[in-house]
Each structure stands twice: as structure tokens, then as C-alpha cells.
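One structure below.
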Amino acid sequence: MIQELLQQDISKTINELYSLNTEPKDIVLQPTKKEFEGDYTLVVFPYVKLAKKSPEQVAEDIAKKTIEHSTIITGYNIIKGFLNFVCDKSYWNTFLDKNKCNQTFGYHASKKGSPIVIEYSSPNTNKPLHLGHVRNNLLGWSVAEILKANGYEVKKVNLVNDRGVHICKSMVAWLRYANGETPESSGMKGDHLVGKYYVVFDKHYKEEIAELVAKGMSEEEAKKQAPIMLEAQNMLVKWEQKDKETRDLWEKMNSWVYAGFDATYKRLGVDFDKIYYESQTYLLGKDLVKEGLDKGVFYKREDGSVWIDLTDEGLDEKLLLRKDGTSVYMTQDLGTACLRHSDFSSDKLVYVVGNEQIYHFQVLKKVMQRLGFDWAKDLYHLSYGMVELPNGKMKSREGTVVDADDLMQEMYEVAKQQTLEKGKQQDLTPEQADILYNTLSLGALKYFILKVDPTKTMLFNPQESIDFNGNTGPFVQYTYARIQSIVRKAQEEKNVNVEDVKVNKDITLTDKEIDVLKTISTFPEVIKQAGENYSPSLIANFVYSLAKSFNTFYQDSSILREENTDVMQQRVCLAYFTGEVIKRAMHLLGIDVPQRM
């Protein structure tokens, strides 16, 4: 890449002028701002003190020395401490010719070492997947693909929270109020049916609390003594004691939920290499707690509960086992971490979990290290902000969540409506139109969510996400479809086969063509940075910039109507290359691109 060549030339200059051992990767270059002449800018202020000269003189020295041994720099200009290099335009002809049919352009060579294990989704089996889960799943899947593009082996895993008092709440409510209702009898997806009874539980729980408070009990005590809550807690104890009747009901209701989850995952386009279940890992965690007690890492209180004191780490005391012997989230996370390390011989475990769990994962890492697991230092919590709606936050217990299934269907209807209004479905069969609506709706949903930095809370607006103009998935998808139309017509009408075209180095590219190629040339570095920061938003920003740059070029230049055959063929190659990079970038976001629109 041109930036790497420049870094090599400049590092050589810096080392010769100032007797340093600067590596090319240490040279920070940025695209020159549009208002100045140049292609790449070097900030020279870091070298001013060493050179004992003015910033302008330092820039002049570096520029003149670099030009002596550079084959791609043709000029420069200096604005105070900013050195703007002008590059040979013919480089971009060579760049296009070399990479236009490179199917791995942007991706990095395979790296040796153990795989990275990335956990995402982690649903509870007491409710369907909702909008918050959508962000989790899309973020986890995309980060996994970005890490693969960086050369890492990646294992995508899911931990299903299939046990605990919250699961028992749905079970108790179903026993009390369902009258044997099933997915078949109700016509509801299984996860939606179980979620319905989680809401029912909360309704009756609040009613019982109100009754107890009316009789003179404090609200805090009423929450503990409400009969329906005591029943759920007792059911959890029976579950851990492997009571057959309890376990049978648990398996039946969970099977309904799993069938629902599978359908949602399939439509959303996410998958896993392995699925873990809390019901199978919490016992491993209990064994670790016992081991920690024996080693004196943990301590037992008078009521029988087990804790760890992390106050000397700036944290707090943390519960690991309740007084009745039942486990908590931390218990199963200890067991799961060890199991994954054993399953994949992996030292790097990445957890995609909302930012409300930051403290939990700080504790998890410290507990694992206290138990003597050195690899625990590489446990990483990929924390992300919550997804909010125009009318506020979602609450599962109150039934005010936006279900993932309902959201995807709403997006489908919006995509269909807008496509019909714009007439973009013309010449498509009903089956092709249906595929297009699905492609656009999921593209809009995924892009809108992933373009936001993971650490930020985001506001989701379905109508805004599917706009064909602006920074949206459909805008990028439409750009790709436009490119495919150009390439098809070039083959059919002009007999242009991109693989056979030899780019003419003597053709002078326009500034807008060079802008497209400059943007494309940053793709490998963008992938690298996205992997280092676990941030798909960098990919989204890149592909939007590329689509904008191409459309500016397209509006300004003829392609198939260009009279000069060499220029026409070269522009077809530019269009094809742009389309391939768009497709590759969108894949890293989990987004399909349509051949026709």
C-alpha cells in the first residue's frame, strides 16, 4: 500500500537525520485535508525539539531528504508543522491493476497461536430475544468476522442462561395460570409463550406485594415474603436437587424456547461454533468455589454463604454461593471460563455483554487470578451501550421490550413500502422481490446498529435506518447494485472482462478516481484498527465513505459512454474493484448486498 511505502521512506529519512531507530509503523500519516494540496500529511512537531529548529525548517529537511530516495513522492508543501506530501498519480494505476481482482484484498495473513473465543448472545430462557440482544448478537458476530479478517482463528460461542430463579418465575406462572397452554395450542413461538408467563409472574408478584404492604408489612419485607416469589425460590432449590417433576417441566419449557431462538438466529444471520448451557457449567463453578475455600481464597459466612473479599483491589465483597447452596451468575461464569480454556486451549476470552455488567467482569477476572489461572489476565469484556427507543428504555418484566422477531418483521414491511414507492422492485419476480426486501431490511437494521461505536448508548429509529439516502445500509447496498449493473452492461454491451483488462499506466486518473482508490487503499488498515478496537463501526464508516466517494465519481464521469476505450475499461475496473471491497466490508458487518435493485 502507498501509505506503507511512504512510512518506509519517511522512517529511513528520520533515522538518517536524527540518528534514531524509528520503525515504519511508528510513522503516523493522515490523508491530507481537502483544502490543502497533497495526499498524505506528516506532523513534524515530535521532531522539533530533537532538531532544535523551527517546525517549518524541520518539515523542509524531512521533505528534501525523503524525496531523494522515494519513488512515489513528486512534491510537497508545508503549512507550519504539517508536511503534505504529493504522490505520483501513476501509482494509483498500478495499485488498481494489481488489486482489482485480488479476492483477499484488505484481509491479513493467518496468525499463529491459540484461537480467540468470543461469547455473545447469552440469552435467558425466560423470554424471547429483544432489541438489546440484537445489538449483542450483531456486534459479537461482526467482531468475530473482523478478527478472522485479521488472521486470527476465532471460536464463536453462546452461553444460554437456562437455570436460576428468573427461569423458575416463568415456570411457576405457567403452572399457576397457563391451563396447559403450549406453542401449538396458542400459535405462538415458544420463546414468546414463555416470555408471556414471565410478564404474568411480575404482574401477580406486584399484586401480592401490594396486598402484604396493605396488611402492614414493609415493602422490602413484602418483596421477600410474597408467596409467588417464595414458590419460585423453592422451585430453584428443587431444580438443583434434581427433582424429576421440576426438571421435566424445565426441559419442556426450555425446548419451546430453543426452537424459538433458533428461528430468530437464522433470520438474523448469526451462528455459533459451540453452545454452552449454564445448567451444565454451574457445577464446575461450584467445584472451583470449593477449591477456593480449601485454599483460603474464599470465606464462608455464618449463614453458610460463600464470599470473596476484593476490597484490597478497589472492588467489594462478592457473593459466590447463596446460603442455601444455590449458585449465582459468578459461579457459572467461573466454570464456563475454565471449560472454554480447556475446550479450545485459548487464553483470550472475549465477552460481549452490556455495560451494566462492567463490575461483574472486573470481579470475574480478579477471582480467576486469585484462583491461580494466569491466563485470566486476558479475559476481556467487550462492553457496549444499551439500545433505547424514541419512547424510552425497554423492560422485560413489564412486557415493554421490542422483540427481535417483531422488529425484523417491521423492518421488512418498511423496506417493502419504501422499495415499492421508489419502484426499485420493477422487473423482479415476487420471489426476487421478497429476497430484496429481506436483504434491505436486515441491511438497514444491522448497519444502523453497527455504525455506532459499541461503547455508546444508541437510539434506534427504524424509519431513519432504512432511508436510501445518507449513512444507511440501503444507501451502500444501492451503490453496490448500481456497480453490478455497470459491470454487467460492460460485459454484455462492451465485451469488457475485468480480469483481462490491463490497466494503462499512462492514463491520467481524475482527482475523483484517485479519491476512490485512496479510500480503498485504507481498507487493510481499517480492518486492522477495527480488530484492535473490537469496533465494527470503523468498517461501517469506511464503507459509507467509499460509497460516497464512488457516487461522486460516478456523477462526475462517464463510464460506459466514455469514447476512449482504455479509459472506459479502466473505469469499469475501478467500479468492479469498488464493488468487491464494498461487498467484503459489508460481509464483515453481516450484511448481504443485492445484485439488482
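We use all heavy atoms of the structure for the numbers below, so side chains are in, but hydrogens, waters and symmetry mates are not. For the single chain, residues carry numbers from 1 onward in sequence order.
For the residue pair Ser465 and Thr472, the shortest heavy atom distance occurs at O-CB, 3.5 Å. Taking each heavy atom of Ala376 and Gln369 in turn, the nearest pair found is CB-CG, 3.9 Å. Lys446 approaches Gly269 most closely through the heavy-atom pair NZ-CA, 4.3 Å. Here the closest non-hydrogen pair linking Lys505 and Thr94 is CE-OG1, 3.7 Å. Between Ser537 and Lys451, the shortest heavy-atom contact is CB-O, 3.3 Å. Between Leu445 and Leu268, the closest heavy-atom pair is CD2-CD1, 4.3 Å.
In summary, the side chains of Gln3 and Gln7 do not present any donor paired with an acceptor at a separation below 3.5 Å, with no hydrogens or angles considered. Side-chain atoms of Tyr351 and Gln357 include no donor-acceptor pair closer than 3.5 Å. If you check the side chains of Thr32 and Thr41, you find a donor sitting under 3.5 Å from an acceptor. A donor-acceptor contact closer than 3.5 angstrom links the side chains of Thr104 and Asn102. Residues Ser122 and His133 have side chains that never bring a donor and an acceptor to within less than 3.5 angstrom of each other. Under the 3.5 Å distance criterion, with hydrogens and angles disregarded, a donor-acceptor pair is assigned to the side chains of Glu525 and Gln529. Residues Tyr47 and Asp61 bring no donor and acceptor atom of their side chains to less than 3.5 Å of each other.
Using cut-offs of 30° and 60° on the angle between ring planes, the pair Phe523 and Phe542 is parallel. Taking the six-membered ring where tryptophan is involved, the planes of Trp92 and Phe95 are perpendicular, since the angle between them exceeds 60° and thus also 30°. Ring geometry for Tyr120 versus Phe272: interplanar angle of 30 to 60°, hence tilted.
For the pair Asp592 (side chain) and Thr439 (backbone), a donor-acceptor distance under 3.5 Å is absent. Between the side chain of Ser558 and the backbone N or O of Arg561, no donor-acceptor pair lies under 3.5 Å. Remark: side-chain polar atoms of Lys65 are not paired, donor with acceptor, to backbone N or O of Leu17 under 3.5 angstrom. When atom types are taken as modelled, the side chain of Ser70 and the backbone of Ile67 share no donor-acceptor pair closer than 3.5 angstrom. Between the side chain of Asn93 and the main chain of Ile507, a donor-acceptor pair closer than 3.5 Å is present. Under the 3.5 Å distance criterion, the side-chain polar atoms of Arg135 are matched with a main-chain donor or acceptor of Gly385. Distance alone, capped at 3.5 Å, places no donor-acceptor pair between the Asn158 side chain and the Ser121 backbone. Between the side chain of Glu562 and the main chain of Asn564, a donor-acceptor pair closer than 3.5 Å is present. Using a distance-only test at 3.5 Å, with no hydrogens or angles considered, a donor-acceptor pair links the side chain of Asp97 to the main chain of Val503. Using modelled atom types, no side-chain atom of Asp88 and backbone atom of Thr74 make a donor-acceptor pair closer than 3.5 Å.
Taken to the nearest 0.5 Å, the CE atom of Met597 stands 10.0 Å off from the CG atom of Leu428. The structure places CD1 of Ile78 at 4.0 Å from CD of Glu60, a figure rounded to the nearest 0.5 Å. Between the CD atom of Glu68 and the CD atom of Glu16 there is a distance of 8.0 Å, given to the nearest 0.5 Å. Put simply, OG1 on Thr66 and CG on Leu6 are 9.0 Å apart, with the number rounded to the nearest 0.5 Å. Interatomic distance, Glu513 CD to Ser557 OG, rounded to the nearest 0.5 Å: 5.5 Å. Rounded to the nearest 0.5 angstrom, Asn438 CG and Lys416 NZ are separated by 11.0 Å.
You'll find the ring centres of Tyr534 and Tyr380 inside the 6.0 Å limit. Residues Phe105 and Phe577 bring their aromatic ring centres within 6.0 Å. Here the two rings, on Phe553 and Phe550, have centers that are under 6.0 Å apart.
For the pair Asn84 and Tyr40, the minimum side-chain heavy-atom distance is 4.5 Å or more. You'll find the side chain of Met368 reaches within 4.5 Å of the side chain of Leu379, heavy atoms only. By the 4.5 Å heavy-atom criterion applied to side chains, Glu145 and His587 are counted as neighbours. With a 4.5 Å cut-off on side-chain heavy atoms, Tyr447 and Leu589 count as touching. No side-chain heavy atom of Leu5 sits under 4.5 Å from any side-chain heavy atom of Thr71. Residues Val350 and Val143 form no side-chain contact, since every pair of their non-hydrogen atoms from C-beta on lies 4.5 Å or further apart. Between Ile486 and Tyr576 the shortest side-chain heavy-atom distance does not fall below 4.5 Å. In this structure the side chain of Ile10 reaches within 4.5 angstrom of the side chain of Leu29, judged on heavy atoms.
Sparse packing is recorded around NZ of Lys528, with 12 or fewer heavy atoms of other residues, nucleotides or ligands lying under 6.0 Å away. The local environment of CD in Glu356 is crowded, with over 12 non-hydrogen atoms from other residues, nucleotides or ligands closer than 6.0 Å. In Glu563, the CD atom is not crowded: 12 or fewer heavy atoms of neighbouring residues, nucleotides or ligands sit closer than 6.0 Å. Within a 6.0 Å sphere centred on CD of Glu37, other residues, nucleotides and ligands contribute 12 heavy atoms or fewer. Counting heavy atoms of neighbouring residues, nucleotides and ligands inside a 6.0 Å radius, atom OH of Tyr412 exceeds 12 of them. Annotation: Gln57, atom CD; neighbour count of heavy atoms from other residues, nucleotides and ligands within 6.0 Å is above 12.
Arg488 and Glu492 are not joined by a salt bridge, as no carboxylate oxygen comes within less than 4.0 angstrom of a charged side-chain nitrogen. With respect to Lys80 and Glu56, no salt bridge is recorded, no charged nitrogen being found less than 4.0 Å from a carboxylate O. Taking the charged nitrogens against the carboxylate oxygens, Lys89 and Asp511 do have a contact shorter than 4.0 Å, which makes a salt bridge.
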Derivation and outcome, side-chain contact (heavy atoms from CB on, under 4.5 Å), residues Val476 and Thr479: CA-CA 5 Å; Val476 178; Thr479 301; 5.5 Å; no
Test side-chain contact (heavy atoms from CB on, under 4.5 Å) applied to Ile118 and Val157, step by step: CA-CA 6 Å; Ile118 180 165; Val157 303; over 6 Å; no
From CA spacing to verdict: side-chain contact (heavy atoms from CB on, under 4.5 Å), Val58, Phe45: CA-CA 8 Å; Val58 171; Phe45 292 113; over 6 Å; no
Full working for side-chain contact (heavy atoms from CB on, under 4.5 Å) between Lys512 and Thr552: CA-CA 7 Å; Lys512 290 182 172 59; Thr552 299; 3.6 Å; yes
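Partner of Tyr384 under the side chain to side chain donor-acceptor pair (under 3.5 Å) criterion, out of Asp453, Asn136, Thr457: Asn136 alone.
Taking the centre and axis of the six-membered ring of Tyr152, the NZ or CZ atom of Lys111 falls inside the cone set by 45° and 6.0 Å.
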